[in-house]
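Here the structure comes first, spelled out in structure tokens, and everything after it is commentary.
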2 protein chains.
Amino acid sequence: MTRIDDVARLAGVSTATVSRALRGLPTVSAATRRRVQAAAEQLQYAVSPSASRLAGGKTGTVAVVVPRITRWFFATVVEAVEEHLHQNGYDLLLHNLGGREQMRRRVLRTASLHKRVDAVILVATPLRPADVTALTKLDLPGVTISSGSEVPGWPCVRIDDVAAARTATRHLLDLGHTRIAHISGDPDDELAFTTHLDRRRGYQEALRAAGLRPDPGLDVESQFTIDGGTRATAELLARGEPPTAIFAACDEMAMGAMTALRDAGLRVPQDVSVIGVDDHDLAGVLGLSTIAQPAAEQGALAARILLDPLGGRAEPYPGLVPVPRGADADGAPPPPVILPTRLVVRESTAPPRAH
Amino acid sequence: MTRIDDVARLAGVSTATVSRALRGLPTVSAATRRRVQAAAEQLQYAVSPSASRLAGGKTGTVAVVVPRITRWFFATVVEAVEEHLHQNGYDLLLHNLGGREQMRRRVLRTASLHKRVDAVILVATPLRPADVTALTKLDLPGVTISSGSEVPGWPCVRIDDVAAARTATRHLLDLGHTRIAHISGDPDDELAFTTHLDRRRGYQEALRAAGLRPDPGLDVESQFTIDGGTRATAELLARGEPPTAIFAACDEMAMGAMTALRDAGLRVPQDVSVIGVDDHDLAGVLGLSTIAQPAAEQGALAARILLDPLGGRAEPYPGLVPVPRGADADGAPPPPVILPTRLVVRESTAPPRAH
DNA sequence: CTGAAAGCGCTTACAG
DNA sequence: CTGAAAGCGCTTACAG
């Protein structure tokens, strides 16, 4: 393997100059830089990341922590983050919690991030006080995506979950539904995040605004997955008279609900309307009405926010107000960047049948 | 940050001993090890990966290259790989090609992997000769998943794509179909992989075995995505009399086909049967018949194969014949490890209507 | 079983 | 604009 001194020798300069020239530092004459680049090229030189990191103190790596890479939202976010990171010369270290509480603890409270990355992007990762403490001690810049994982000094990119849920519920109300069920995340789940609490709040707010009282019998908790949606809906149906509409806290739950309804002999939307949140890739295939949220945009934006101060080559996000960075001493955390959502009406929602 | 000599001082030993004790090398007395561990704990010492890598020559990191993390198969593989890797103390560097040819070149022919990882897992990544050369020059151990990306000396984990396609097609034949269309990957796509060629072969073989001649008019090429399936099916329908059944090369294409059929006013399976390959998470929700392939198992197995010789702590894969490793000089590549597939019949396939 | 010393391959003040 | 030298924080023969 050729090393930096091989290049230095061939170019007739010091290793310090090679280092500066190859990294594009401005304090190198154009002629020298060309000579160094030519030598590096000729020798097929590639810097040793370990040596560079040890000497320079920067890892050129960003950790991305997601609950489950197999879920649509997280995969989409990761894809967008990855693109931005690599475009800017950063590597992406992936941590997938896989839904296991013990794994989250492993990632956040041990040395998995320590001295390994320059920054962290936390996606919908629920944080206990001990996690926040551990994260703060790492003394790294970071960005969170989704609500429920606020870290002091870290910007947060997300949607307005309460508003999204309100819009979904109002859509059902506007169609004439009054028996509207809600299926959502389980707070007893060790990996519970607060997203589902916000979505439930929006659901209840919309009902109340329409003069209806939320009925606990129509509110079932389960996992944020297809199976979770199926199980929640099966339970709902087992409780007695079915609702005329279901607002699922995410599209995957909504899809599970559609399965359970079909298995119970109920038609969507003739017997029961269903709406979710996400605009999953397959929402169109299933004709699922939903509240679309910009997943890729959230990932891209988070990466940008991170990369700007890190010295990435990204241009500033167009129209983005500079995000306050670093723990503002005793100040307030930076305000969240809230991206817009949008009601998408497909075939899964319709007026209730006349009685 | 506490360093190794802080621990050495507190424990009253040399840094060499600390290094050995903390890494669990056998040449340390139990008493010393305990003392070192206690000191490390007390000081909250965590080894500096960069220093360790530079001195030791190992990165403790594995690169995983996938075409698109947003597709079901790849996300599922990555999740399984991630779990094994982290369980064994390895970090996972994610490279998502995002369907762009130029990105593949970037990853495979530049320094993105050079000196950064101890090994590589390549998932369904199409390789040109230049890529193989670059990869070989890296001189790293690796495993490929899926066909179409053979690297000399690297074990390959996959399914039998030809057989899977044969089974799917035979299922349609057995139901009585004779006008069976096929929608598959586009060989003109810069990111084309050979999986779809194998699946087409199986399709044609099954037809021939039934005494039918493959009709080029019933064979449409498109992307391996939902949209690709929709477009391919739309084109198929535009060609004239629709087929009575469609074998899609993957579930995502099959789902796209279902959408296109619905939009054309055709019912599944009454008018057209549809079958895919994968057993996607949502295949059940859509009632899609398919050939199930073990995605997570392929990922887990690839990680295991890689980790064993790397000195991971994984137990040998139960029942796995030791996989030949390293370029066998001028010998043959190691034989692929082929995992079983399984026909799953749901509601999307049925006998054709009587004429 | 343990230690002293060299070395891994860079980057960074510092000096000019 | 460039170089000599120190230093980043470990691991690894080597010797005992």
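Residue numbers begin at 1 in each chain, while the letters A, B, ... track the order of the sequences.
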Answer yes if the side chains of N96(B) and E82(A) hold a donor-acceptor pair under 3.5 Å, and no otherwise. no
Please check the phosphate of [N] (OP1 and OP2 only) for any side-chain N or O of [X] closer than 4.0 Å.
X      : N       : answer
S52(A) : dT11(C) : yes
S48(A) : dG9(C)  : no
S29(B) : dC1(C)  : no

T15(B) and I4(B) have their tightest heavy-atom pair at O-CD1, 3.6 Å
Could you state the atom-to-atom distance from NZ of K115(A) to P of dC8(D) in whole Å? 12 Å
Nearest whole Å is fine: how far is dC10(C) C1' from R53(A) CZ? 12 Å
Donor-acceptor pair present, R20(B) side chain and dG3(C) base, under 3.5 Å: yes
Most 5' of L54(B) and T27(B) on DNA chain C, judged by nearest nucleotide: T27(B)
Find which nucleotide of DNA chain D each of T15(A) and A30(A) is nearest to by heavy atoms, and output the residue with the more 5' nucleotide. A30(A)
Which one, [options], comes nearest to the side chain of [X]?
X      : options                 : value
A16(A) : dA4(D), dT11(D), dG9(C) : dA4(D)
T17(B) : dG3(C), dC10(D), dG3(D) : dG3(C)
T32(A) : dG7(C), dA4(C), dT2(D)  : dT2(D)

In plain terms, say whether R9(A) and D6(A) are close enough for a salt bridge, that is, a side-chain N and a carboxylate O under 4.0 Å apart. yes
